[in-house]
Amino acid sequence: MFALDYAPPNGETWEVFHARVDRAWALVQERAEATGGHLAVVTHGLVCRSLAARHLILPDGEDVPERWENTALTVIEHPAPWRVRLLNCVAHLDDTTAEPQPSAGAV
């Protein structure tokens with residue numbers, strides 16, 4: 001992890017990054033309200049980490065993961081206070097030979 005005051009060349013400081021995440025989170029909250037909370041948001045691990053550390057209520061005994069796994073799922077309850085039901089989960093990768101269920105819809 002970079003030092004808090006580090007600004008990579010042509011990049012953002014943590015402060016600027018978190019401000020950008022906050023603006024995106026505000027849009028997600030607006031859209032969640034308009035759709036009754038049913039959204040899928042796809043993003044990078046650092047964004048997930050920023051949200052988990054600063055905006056979400058994690059399950060008891062859970063800490064903000066240092067690393068977010070590729071294709072990990074995190075499920076957040078709507079409305080606020082934005083409690084996490086599932087955090088950084090990759091259980092869907094356990095059986096890569098599984099066929100989609102007919103009720104799952106088109107693939």
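Just so you know, residue 1 is the first one in the sequence shown, and it goes up from there.
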For [X] against [Y], the heavy-atom pair lying closest together:
| X | Y | result |
| --- | --- | --- |
| Ser50 | His18 | OG-ND1, 2.8 Å |
| Thr71 | Leu93 | OG1-CD1, 3.4 Å |
| Asn88 | Arg67 | ND2-O, 3.1 Å |

Partner set under side-chain hydrogen bond (donor to acceptor under 3.5 Å, both in side chains) for Thr74, not counting sequence neighbours
none

Counting distance only, does the side-chain N/O of Arg49 pair as donor-acceptor with the main-chain N or O of Pro65 below 3.5 Å?
yes

Given a cutoff of under 4.5 Å between side-chain heavy atoms of I, L, V, M, F, W and Y, with clusters grown through shared members, what are the other residues clustered with Leu73?
Val75, Leu86

Checking Pro79 now: which residues fulfil side-chain contact (heavy atoms from CB on, under 4.5 Å) with it, not counting sequence neighbours?
none

side-chain contact (heavy atoms from CB on, under 4.5 Å) against Pro8, all qualifying residues, sequence neighbours excluded:
Tyr6

Please step through side chain to side chain contact (heavy atoms under 4.5 Å, CB included) for the pair Val47 and Arg20, ending with a clear verdict.
CA-CA 9 Å; Val47 173; Arg20 184 166 53 90; 5.7 Å; no

Check the surroundings of atom CD in Glu15: do more than 12 heavy atoms from other residues, nucleotides or ligands lie under 6.0 Å from it?
no

Report whether Ile57 and Val41 are members of the same hydrophobic cluster (ILVMFWY, side-chain heavy atoms less than 4.5 Å apart, transitive linking).
no

Would you kindly confirm whether Ile76 and Leu39 end up in one hydrophobic cluster when ILVMFWY residues are joined by side chain heavy atoms under 4.5 Å apart?
yes

Worked check of side chain to side chain contact (heavy atoms under 4.5 Å, CB included) between Asp63 and Leu58:
CA-CA 7 Å; Asp63 293 323; Leu58 302 181; 5.6 Å; no

So ring-ring contact (aromatic ring centres under 6.0 Å, His included) across residues 57-81, not counting sequence neighbours, yields His78-Trp82

Only counting residues at least two apart or in another chain, list the ones meeting salt bridge (charged side-chain N to carboxylate O under 4.0 Å, His left out) with Arg31.
none

Pairwise distance OG1(Thr43) to CH2(Trp25) - rounded to 0.5 angstrom:
11.5 Å

